[in-house]
**Q** 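Handing you this structure, nothing more for now.
Keep in mind that the numbers below use all heavy atoms, side chains included, and drop hydrogens, waters and symmetry copies. Counting starts at 1 for both ligands and their atoms, in listed order. As the structure is a computational prediction, the values presented were derived from the model and not from experiment.
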Amino acid sequence: MLTTRPTFVFFLLFLSLPLSSFSQPSNPVYNSFLKCFSDKTKTPQAQNVFSQTNPSYSSVLRAYIRNARFNTSSTPKPTLIITPRSYSHVSAAVLCSKPLNFVFKIRSGGHDYDGLSYVSDKPFFVLDLSNLRDVTVNIADQTAWISAGATLGEVYYRIWEKSKVHGFPAGVCPTVGVGGHLSGGGYGNMLRKFGLSVDNLIDAKIVDVNGRILDRKSMGEDLFWAISGGGGVSFGVVLGYKVKLVPVPRVVTVFRVEQFMESGAVDMVHKWQSVGPRTNRNLFLRMLLQPVTRNKVQTVRATAVALFLGRADDVVSLLRKELPELALKKENCTEMTWFQSALWWDNRLNATQIDPKVFLDRNLDSSRFLKRKSDYVATEIPRDGIESLFKKMIELGKVGLVFNPYGGKMAEIAEDATPLPHRKMLFKIQYSVNWQESSPEIEKGFLNQSRVLHRFMTQFVSKNPRRAYLNYRDVDIGVNDHGTNSYEEGEVYGRMYFGKNFDRLVKIKTAVDPGNFFRNEQSIPTLPSKA
Ligand code: FDA
C-alpha cells in the first residue's frame, strides 16, 4: 500500500498555498484587515488581499490603470488592494475597512479620467471589483444582469452571442467598466434613440455602509435613483445592474467624413449644431475637432463620425437634405451589424472581418497619458464663434474637442428623472488631449492648454451653473477635502455635475452614509450638521 509521508504532505500543502501567503511580513493594517476579512467570510482570504510587499501587488494595481499619468513611481499607492470574488466578500471588505479609517476607493474598470478610483493623497485601500464580471443575458424577457466588474465590451459581446437584434445603449469604449460607467450615467452613440444607460435600468444590487446587500426594493427608490447617475462611490459599492435590452436593426450604417478649416469645416460645424441634436433619432452624428498640420500648414480637421440605425441609402438622402455641407456619399458609408459597429467605433476599421472576441480582451496597452474636461452647449455658437474657436485651437496646438449631440429621447426625459440634469442641452463637449511622453513639464503644458481652451469656451457654453458630465471626471472644477467646509466644497463641482439634483443627492447621502465612509475627492457631501 502506498503511504503518504508527512514531509510530502507538507510539501504539497506548501505548493498549494497562494504566493501572497509567503510575502506579508508583519504589517498591522494587513494583519488586522485579513483576520477580520477571513473571519467574516469564514475562509482564509490571503489570496484576495494584497499589501505592498506582495509580489503580485504591482500587477494587480496596474491591471486597471487606464491613464499613464497615474502609473508613475511617485503616484500614491494603496496600502491594501482587496479583490473580492463574491458579494459576501464585498460586504466583509466594507465592514473590515470601516474601523481602520482608511479612504476606501472602489474600482471597476479603472477608467476614471483623473484616477480617483485608485489614487488618493490620504492613506487608502482599493476595492477592485474586476473579478465580479458576470453578464447574464435573457433574451426571453429582453433583460441582462451586468456585474460592476464587467466591461462594456463584455456586455456587448454577451448580448451578441444570444441575439443579433438586441443591444444596449452605453459608451463607445469597450474597456470601460460597468460599475463606474452606469453609476455615472453612461452615454453612447444610441442615446438619441434610447437615452443614457441609466434610462434603461430595472434593478441594481449594492453593498451599503453597514455591509448589507440591497436590491432596488430593499434599498428604496431614493438610493436607486442616486446610483442611477449620481456616482456609486458616494453611496455604497454597486455590485451590478439589471438592464433592459433595446432593439437594434439587423443592418446599421457607419461613416466617417473629414473636412478642413480652409475647405468648408467652419460652415459644416456651424450648421451641424442645428442638425445633430434635431435630426432623425436613429442618427448619432458626432463632430471631432482636432488641430493638425496639413500641407505644412496648421489647420483644424473636423471629422463627422456617425452611427445610423438603418440603411446607408436612407442616411445619405437624409443628410443630403439636412446637412449638404457634409457632402456625404454612399461610398463613405459601411453597412454592418450593430455589434460590428461597436467594434468600428472602437477604431477597428476592419470591423466586419475581426474576431468578436477582441471585446473580451483585458490585457491592454495603457501607456497613454491623458486629460479630459467637459462642457454643455445650450444655444448654437455663431459662425464667427466657430471660426474664432478654430483659431484658438490652432494657437494652442494640441487639445481636441468632441461635440456629442443630444436631442431625441434625451430631451424628452425630465431633468430630475435621474441625477444627470443636462437633458435639454444641444450638445456636450469633451476636451481631449493624449500624449506619449513621460515628462512633468509636458504634462503641465497640456493640462494648461486644456484649461486655457476651457476658459476660452466660457462665452459659448452653459452658465449658472456651467455644466459638466460626471463620467468625464475633471478635478479642475473643484475637489473636496471632507473637512468642515465639505458641503461648500462639494457644492462647487456638485452643481456643475448635477444642477438642482445636487440637493436630493445630498439628502440621500446624509440618510444612507451619515459618517461619510464612501467618499472621494468629488463625492457627494453630507448636509452640514446644525451645530
Ligand atoms: P473606475 O473603476 O475608474 O470608476 C470610476 C468612478 O466610479 C470612481 O469614482 C469609482 O470609485 C467609482 N466606481 C467604480 N466602480 C464602482 C462601484 N462598483 N460602486 C461604486 N462606485 C464605483 N463615458 C461615457 O459616458 N461614454 C463613453 O463613450 C466613454 N468612453 C470612454 C473612453 C475611455 C478610453 C475612457 C478612459 C473613459 C470613457 N468614458 C466614457 C468615461 C467612463 O464612463 C467613466 O470614466 C466611468 O466612470 C468609468 O467606469 P470604470 O468602472 O471603468 O472606472
**Q** If you have a sec, work out which protein heavy atom is nearest atom 43 (O) of ligand 1 and how many Å separate them, to one decimal?
**A** His181 ND1, 2.8 Å

**Q** Among protein heavy atoms, which sits nearest to atom 39 (N) of ligand 1, and what does the distance come to when rounded to 0.1 Å?
**A** Tyr113 OH, 3.8 Å

**Q** Going by an N to O cut-off under 4.0 Å, is there a salt bridge joining Arg451 and Asp476?
**A** yes

**Q** Quick test of your reading of the model: are Lys217 and Asp215 salt-bridged, counting only N-O distances below 4.0 Å?
**A** no

**Q** Evaluate the salt bridge (charged side-chain N to carboxylate O under 4.0 Å, His left out) criterion for residues Lys122 and Asp481: first the C-alpha distance (whole Å), next the side-chain angles of each, then the deciding distance (0.1 Å), finally the verdict.
**A** CA-CA 10 Å; Lys122 307 213 168 60; Asp481 202 33; 3.0 Å; yes

**Q** Could you tell me, atom by atom, which parts of ligand 1 come under 4.0 Å of a heavy atom of Ser108?
**A** 2 (O), 14 (C), 15 (N), 16 (C), 17 (C), 18 (N), 51 (O)

**Q** Is it possible for you to check whether Lys428 lies under 6.0 Å from the centre of the six-membered ring of Tyr472, through NZ or CZ, and within 45° of that ring's axis?
**A** yes

**Q** Could you tell me how the ring of Phe427 sits relative to the ring of Phe403: parallel (under 30°), tilted (30 to 60°) or perpendicular (over 60°)?
**A** tilted

**Q** Tell me: protein heavy atom nearest atom 7 (O) of ligand 1, and distance?
**A** Gly180 CA, 3.4 Å

**Q** Could a heavy atom of Arg473 be found less than 4.0 Å from some atom of ligand 1?
**A** yes

**Q** Between Arg473 and Asp114, does any side-chain N to carboxylate O distance fall below 4.0 Å?
**A** no

**Q** Give the single entry among Leu152, Asp112, Val126, Val90 that approaches atom 8 (C) of ligand 1 most closely by any heavy atom.
**A** Asp112

**Q** Does a side chain donor of either Arg519 or His482 reach within less than 3.5 Å of an acceptor in the other side chain?
**A** no

**Q** Any atoms of ligand 1 less than 4.0 Å from a non-hydrogen atom of Leu129? List them with their elements.
**A** 18 (N)

**Q** For a quick check under 3.5 Å, do Tyr493 and Asn480 share a side-chain donor-acceptor pair by atom type?
**A** yes

**Q** With under 30° as parallel and over 60° as perpendicular, where do the rings of Tyr406 and Tyr187 fit, or are they tilted in between?
**A** tilted

**Q** Hey, which atoms in ligand 1 end up nearer than 4.0 Å to a heavy atom of Arg107?
**A** 2 (O)

**Q** For Thr136, which residues count as a side-chain hydrogen bond (donor to acceptor under 3.5 Å, both in side chains) partner, sequence neighbours excluded?
**A** none

**Q** Under 3.5 Å, is there a donor on one side chain and an acceptor on the other for Asn71 and Arg62?
**A** yes

**Q** Mark up the atoms of ligand 1 that fall under 4.0 Å of a heavy atom belonging to Tyr469, in ascending order.
**A** 24 (C), 25 (O)

**Q** Please determine if Asp112 and Lys105 form a salt bridge, counting it only when a charged side-chain N lies under 4.0 Å from a carboxylate O.
**A** no

**Q** Quick one: which of Ser234, Gly185, Gly188, Gly177 has a heavy atom closest to atom 52 (O) of ligand 1?
**A** Gly177

**Q** Going by the atom numbers of ligand 1, which of them fall below 4.0 Å from some non-hydrogen atom of Gly232?
**A** 20 (C), 21 (N)

**Q** Polar contacts were defined as any N/O atom of the residue lying under 3.5 Å from an N/O atom of the ligand; does this apply to Gly109 and ligand 1?
**A** yes

**Q** Give the residue, atom name and distance (to 0.1 Å) of the protein heavy atom nearest atom 26 (N) of ligand 1.
**A** Tyr187 O, 2.7 Å

**Q** Verify the ring-centre separation between Phe446 and Phe369: is it less than 6.0 angstrom?
**A** no

**Q** Below 4.0 angstrom from a heavy atom of Ala148, which ligand 1 atoms are there? Numbered from 1 as shown, please.
**A** 18 (N)

**Q** Nearest protein heavy-atom contact for atom 10 (C) of ligand 1: which residue, which atom, what distance?
**A** Ile106 O, 3.0 Å

**Q** Among residues at least two apart in sequence or on other chains, which ones pass disulfide bond (SG atoms under 2.5 Å apart) with Cys36?
**A** Cys96

**Q** Heavy atoms of the protein only: does one fall short of 4.0 Å from atom 29 (C) of ligand 1?
**A** no

**Q** Using heavy atoms and a 4.0 Å limit, tell me yes or no: is Gly236 in contact with ligand 1?
**A** yes

**Q** Is the closest heavy-atom distance from Arg66 to ligand 1 below 4.0 Å?
**A** no

**Q** Nearest non-hydrogen contact with atom 36 (C) of ligand 1 belongs to which option: His111, Arg372, Glu521?
**A** His111

**Q** Which option out of Val238, Asp114, Val178, Val207 puts a heavy atom nearest to atom 18 (N) of ligand 1?
**A** Val238

**Q** Identify the protein heavy atom lying closest to atom 47 (O) of ligand 1, giving its residue, its atom name and the separation to 0.1 Å.
**A** Asn471 OD1, 3.1 Å

**Q** In the protein, which heavy atom is nearest to atom 21 (N) of ligand 1, and how far is it?
**A** Val233 N, 3.2 Å

**Q** Identify the protein heavy atom lying closest to atom 34 (C) of ligand 1, giving its residue, its atom name and the separation to 0.1 Å.
**A** Cys173 SG, 3.6 Å

**Q** Are Trp160 and Phe359 close enough that their ring centres sit under 6.0 Å apart?
**A** no

**Q** Under 3.5 Å between some N or O of ligand 1 and some N or O of Val176?
**A** no

**Q** Distance under 4.0 Å to a non-hydrogen atom of Asn520: what atoms of ligand 1 satisfy this?
**A** 9 (O)

**Q** Provide the number and element of each atom of ligand 1 under 4.0 Å from a heavy atom of Gly110.
**A** 1 (P), 2 (O), 3 (O), 50 (P), 52 (O), 53 (O)

